Protein chains: 2
Amino acid sequence: MTDAKALLMSGVPELLILRLLAEREMYGYELAKTVRVLTREAISLGEGVLYPALHSLELSGLLRARRRQAGGRTRVYYSLTAKGQRRLAYLTSRWRRIATAVEAALAGPSHA
Amino acid sequence: MTDAKALLMSGVPELLILRLLAEREMYGYELAKTVRVLTREAISLGEGVLYPALHSLELSGLLRARRRQAGGRTRVYYSLTAKGQRRLAYLTSRWRRIATAVEAALAGPSHA
DNA sequence: CCTAATACCTCGAACAACGAGGTATGGTAC
DNA sequence: GTACCATACCTCGTTGTTCGAGGTATTAGG
């Protein structure tokens with residue numbers, strides 16, 4: 001209700017992270033940039049959202065982390081576990097159900 | 001992360017309430033039922049969400065409330081203010097942007 | 001008369017999202 | 001060589017929403 005910032009998402013960060021990592025192994029910073037590019041700036045995963053999410057997802061056994069040297073830098077690469085894949089499938093179907101429902105309501109309540 | 005309940009919405013209740021009230025004046029209980037029917041049970045506005053939301057929206061000047069007698073019952077009917085209409089337009093476009101972005105990511109990150 | 005549906009409400013817990021801040025390294029330009 | 005920016009990771013506290021559980025009262029039906 002802050003009038004300026006609408007938080008029309010929830011679970012979306014988790015969904016996006018899982019989806020991208022399902023494709024290939026990535027590290028935090030890379031994820032943030034990829035999301036921005038992929039969504040054309042529509043969605044931005046702030047670091048205050050990203051890193052806590054990654055840690056929490058790892059703790060829940062949805063992600064696997066591994067440190068790797070690349071370009072003289074130490075990066076933390078994440079990949080999906082089997083449990084993470086199931087979670088992704090679940091969140092995806094849930095998203096579609098809700099998105100469809102919202103679209104139906106927006107289209108016109110008269111069509112009930 | 002509760003594994004059982006995914007909260008893939010945020011702002012969605014507000015959006016739905018505004019959208020339905022843009023069509024016609026309604027009272028709380030009616031709104032709850034309409035949403036359930038309209039979304040085929042996909043979205044359910046619990047009363048613990050609905051009533052606080054209505055009060056907050058009224059307080060923000062997005063809704064107008066008026067008590068009416070109907071069927072021997074006292075009901076509180078809500079309707080959109082001009083400010084509420086602007087807010088609805090804003091939330092709608094915001095929703096579409098995000099939904100599109102998520103769909104793009106789900107479709108396949110490889111298409112970046 | 002008792003129950004179910006209607007109709008409204010509040011409270012507190014839980015949790016996600018976020019901005020702001022903090023550390024450290026590597027590359028580039030001056 | 002040193003200033004600066006991008007990279008790369010992190011945590012903290014605040015804010016706001018969502019949600020279930022609980023509470024009250026009225027009306028209609030069996």
Side-chain angles (χ1 to χ4, degrees), chain A residues 1-18 25-37 43-60 62-63 65-78 87 91 94-95 98, chain B residues 1-18 25-37 43-60 62-63 65-78 91 94-95 98 102:
Chain A
M1 219 80 57
T2 334
D3 218 21
K5 306 248 161 209
L7 5 147
L8 226 11
M9 36 178 145
S10 150
V12 170
E14 183 186 355
L15 175 57
L16 292 182
I17 289 170
L18 294 178
E25 200 182 39
M26 288 174 100
Y27 57 96
Y29 212 76
E30 192 185 4
L31 271 162
K33 257 193 306 184
T34 305
V35 167
R36 275 199 302 274
V37 171
I43 299 176
S44 178
L45 254 61
E47 308 195 358
V49 172
L50 184 61
Y51 291 111
L54 287 173
H55 298 153
S56 153
L57 290 170
E58 188 194 358
L59 209 72
S60 310
L62 305 178
L63 297 185
R66 109 181 133 102
R67 314 187 81 79
R68 248 176 59 190
Q69 294 292 335
R73 258 171 216 282
T74 306
R75 290 170 177 164
V76 187
Y77 282 82
Y78 293 92
R87 173 75 172 167
L91 285 182
R94 191 155 187 84
W95 164 263
I98 291 175
Chain B
M1 219 84 53
T2 335
D3 217 23
K5 306 250 160 207
L7 3 148
L8 227 12
M9 36 177 145
S10 151
V12 170
E14 183 186 355
L15 175 57
L16 291 183
I17 289 169
L18 293 178
E25 200 182 38
M26 289 174 99
Y27 57 97
Y29 212 74
E30 193 185 3
L31 271 163
K33 258 193 305 184
T34 305
V35 166
R36 274 198 302 274
V37 171
I43 299 175
S44 178
L45 254 62
E47 308 195 359
V49 173
L50 184 62
Y51 290 111
L54 287 173
H55 297 153
S56 152
L57 290 170
E58 187 194 359
L59 209 71
S60 309
L62 304 178
L63 297 185
R66 106 182 136 103
R67 314 186 83 79
R68 247 176 59 190
Q69 294 292 333
R73 256 171 215 283
T74 307
R75 290 168 177 166
V76 187
Y77 282 82
Y78 293 92
L91 285 182
R94 190 154 187 87
W95 164 262
I98 291 176
V102 171

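Quantities reported herein were computed from a predicted structural model and do not represent experimental measurements. Throughout, protein chains are lettered first and strands after them, A, B, ... in sequence-line order, and every chain is numbered starting at 1.
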Could you tell me the separation between the NE2 atom of B/His55 and the CG atom of B/Leu63, rounded to the nearest 0.5 Å?
-> 10.5 Å
Measure the distance from CE on B/Met26 to P on C/dT6 and round it to the nearest whole Å.
-> 14 Å
Is the shortest side-chain N to carboxylate O distance from A/Arg66 to A/Glu25 below 4.0 Å?
-> yes
Tell me: CD1 of A/Ile17 to P of C/dA17, nearest whole Å?
-> 9 Å
Roughly how many Å is it from CG in A/Leu15 to C1' in C/dA16, rounded to a whole number?
-> 15 Å
Atom-to-atom span, CG of B/Leu31 to P of C/dT6 - whole angstrom | 15 Å
Just by modelled atom types, is the A/Glu30 backbone N or O under 3.5 Å from a matching donor or acceptor in the A/Thr34 side chain?
-> yes
Please list, chain by chain and in numerical order, all residues satisfying side chain to side chain contact (heavy atoms under 4.5 Å, CB included) with A/Val49, sequence neighbours excluded.
-> A/Pro13
If you round to the nearest 0.5 Å, how far is CG of B/Leu15 from CH2 of B/Trp95?
-> 7.5 Å
Starting at the 5' end of nucleotides 5-14 of chain D, put B wherever the base has a protein heavy atom under 4.0 Å, S where only the sugar-phosphate does, and a dash everywhere else.
-> --BBBBB---
Apply the test side chain to side chain contact (heavy atoms under 4.5 Å, CB included) to residues A/Leu54 and A/Leu31: give CA-CA distance (whole Å), side-chain angles for both, the deciding distance (0.1 Å), then the verdict.
-> CA-CA 10 Å; A/Leu54 287 173; A/Leu31 271 162; 4.1 Å; yes
Integer-rounded Å distance: C/dA20 P and A/Leu50 CG | 18 Å
